[in-house]
Amino acid sequence: MAQQKINRVTFATLPTPLEDGGKLASGSRLWVKRDDLTGLGAGGNKARKLEFLCGDAIQNGAKSLVTVGAAQSNHCRMTAAAGARLGLPTHLVLSGKKPNRLEGNQLLSQIFGATLHHTGLADTDWAGLEEFRAQLTQQLVDRGERPHSIPIGGSTAIGAIGYALAFDEIIEQCSAQNFNADAIVFTTSSGGTHAGLVAGLVRARTRDPLKQLPKIIGIGVAKGTALSSLSITDLANETLNLLNETSRATTDDVSIDSNYMGSDYAVATQAATDAAKWAAHRGAWVLDAVYSAKGFSGLLGLDAKNEFGSDANVVFIHTGGLPSIFANH
Ligand SMILES: *Cc1c(COP(=O)(O)O)cnc(C)c1O
């Protein structure tokens with residue numbers, strides 16, 4: 001098979017810090033991987049995906065960007081930032097009605113110069129939102145604007161390459177601090193972060209079958225997106241293919257724990273409120289209610305059940321979400 005060329009633009013400030021988070025209740029040690037500090041338009045995990053998604057867009061001669069998300073989508077805000085950096089007009093398809101005053105991620109998206117399309121659809125109507133994106137993309141094609149249209153969360157195999165590389169970055173940082181990570185825990189929603197990490201794990205395992213590698217544990221916070229272990233496995237395998245790896249992930253490599261979602265996406269839970277407070281007081285880490293706080297409540301919950309053991313090193317990837325703290329809707 002011919003070597004596939006992987007196109008990348010530089011958006012993120014890498015490596016992001018890996019901070020010692022001190023002891024958890026079980027006695028295990030917490031490490032916080034600061035992907036909230038990637039630096040693209042106020043930061044977050046989507047910067048790593050957008051480096052490859054936009055590399056692909058430029059390669060294809062795109063003249064505009066289109067993407068989609070919930071009203072307070074971090075992915076949409078960071079795509080708006082990417083569009084600004086590349087000088088490409090950017091269209092965002094958002095759930096909900098146009099608010100009287102833009103807040104949080106929407107305010108930033110407007111500041112970055114994006115066009116916001118308020119669909120009036122419900123936050124969790126992922127299918128309706130994707131349908132709207134398809135229609136808008138077609139209109140832009142018809143007008144000759146050569147859109148590069150990115151699915152929800154940027155969770156394609158190309159986007160996931162960013163997290164296959166992040167896996168290596170984490171392993172290197174752990175080695176540099178003289179420990180092996182036993183688990184990597186993070187919030188999963190559209191699945192690209194998860195699939196990329198699994199691809200990175202499988203590639204590392206193939207390179208060195210004797211190396212002790214961490215378990216990858218995604219804390220699920222949305223229903224009805226890519227969230228099944230089968231689809232994450234498929235996406236991880238597509239990513240391995242793009243990386244010219246012949247090794248493959250199995251469903252055993254994919255662990256999704258949705259016990260910390262509460263009743264639905266973006267619905268508050270007491271555990272997430274408590275976890276956000278714990279993180280703010282422990283390390284001045286700011287977690288958002290929709291994503292990172294629920295993910296971290298999963299880490300604390302699993303630790304309380306002694307799932308990691310009492311002497312483990314547990315890495316939490318802080319995936320960002322800061323701007324939604326400043327939004328009421
Ligand atoms: C998008 C997002 C996630 C989830 O990442 P996926 O790759 O979509 O699963 C987690 N945390 C934050 C803050 C996000 O914006």
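Just so you know, these numbers use all the heavy atoms, side chains as well, and skip hydrogens, waters and symmetry mates. Since the model is a prediction, treat every value here as computed from it, not as a measurement.
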Under 6.0 Å between ring centres: does that hold for Trp278 and Phe296?
yes
Within a strict 4.5 Å, meaning less than it, do heavy atoms of the Leu213 and Phe167 side chains meet?
yes
Taking atom types as modelled and ignoring hydrogens, do the side chains of Glu131 and Gln135 form a donor-acceptor contact shorter than 3.5 angstrom?
yes
Minimum side-chain heavy-atom gap Arg77-Phe112 below 4.5 Å:
yes
Just by distance, no angles: are the side chains of His148 and Ser64 close enough, under 3.5 Å, to form a donor-acceptor pair?
no
So with a 6.0 Å cut-off around CG of Asn60, is the heavy-atom count from everything else above 12?
yes
Does a side-chain heavy-atom distance below 4.5 Å link His318 with Lys33?
no
Between Ser109 and Asn105 (side chain of the first, backbone of the second, donor and acceptor by atom type, cut-off under 3.5 Å), is there such a pair?
yes
Give a yes or no answer on whether the side chain of Thr233 reaches the backbone of Asp253 with a donor-acceptor pair at less than 3.5 Å.
no
Between the main-chain N or O of Ala312 and the side-chain N or O of Ser28, is there a donor-acceptor pair closer than 3.5 Å?
yes
Test log, rule side chain to side chain donor-acceptor pair (under 3.5 Å), inputs Ser149 and Arg133
CA-CA 8 Å; Ser149 194; Arg133 174 175 69 93; 2.9 Å; yes
Closest non-hydrogen atom pair, Asp123 against Ala266:
OD2-CB, 4.3 Å
Is the distance between the ring centroids of Phe186 and His194 under 6.0 Å?
yes
Between Glu51 and Arg8, is there a donor-acceptor pair closer than 3.5 Å when you use the side chain of the first and the backbone of the second?
no
State, yes or no, whether a side-chain contact exists between Leu30 and Leu299 at a heavy-atom distance under 4.5 Å.
yes
Identify whether NZ of Lys or CZ of Arg in Arg48 sits under 6.0 Å from the centre of the six-membered ring of Tyr163 and within 45° of that ring's axis.
yes
Does the Thr38 side chain pair with the main chain of Ala12, one donor and one acceptor, at a distance under 3.5 Å?
no
Answer yes if the side chains of Arg203 and Ser247 hold a donor-acceptor pair under 3.5 Å, and no otherwise.
no
Any donor and acceptor pair, going by atom type alone, linking the side chain of Gln106 with main-chain N or O of Gln72 inside 3.5 Å?
no
Without hydrogens or angle criteria, can the side chains of Asn45 and Asp35 be said to hold a donor-acceptor pair below 3.5 Å?
no
For a quick test of reading the model, state the closest non-hydrogen atom pair linking Leu50 to Ala82 and the distance between them.
CD1-CB, 4.5 Å
Could you go step by step and tell me if Lys49 and Ser155 meet the side chain to side chain donor-acceptor pair (under 3.5 Å) rule?
CA-CA 8 Å; Lys49 300 180 186 181; Ser155 287; 3.1 Å; yes
Donor-acceptor contact below 3.5 Å, side chain Trp126 vs main chain Lys223:
yes
With a 4.5 Å cut-off on side-chain heavy atoms, are Asp257 and Leu302 touching?
yes
Start with the C-alpha distance between Glu245 and Asn241, add both sets of side-chain angles, then the distance that settles side chain to side chain donor-acceptor pair (under 3.5 Å), and finish with yes or no.
CA-CA 6 Å; Glu245 294 287 326; Asn241 205 30; over 6 Å; no
Any side-chain heavy-atom pair from Leu94 and Thr119 closer than 4.5 angstrom?
no
Would the distance check show the side chain of Asp288 and the main-chain N or O of Tyr291 forming a donor-acceptor pair, the cut-off being under 3.5 Å?
yes
Between Asp36 and Val286, is there a side-chain heavy-atom distance shorter than 4.5 Å?
no
Are side-chain heavy atoms of Asn7 and Phe52 found at a separation under 4.5 Å?
no
Ignoring hydrogens and geometry, is there a side-chain-to-backbone donor-acceptor pair from Ser310 to Asn306 under 3.5 Å?
no
Asp20 side chain to Trp31 side chain, donor-acceptor N/O pair below 3.5 angstrom
no
Minimum heavy-atom separation for Ile152 to Gly69, with atom names?
CD1-CA, 4.3 Å
Sidechain N-carboxylate O distance under 4.0 Å for Asp182, Lys215
no
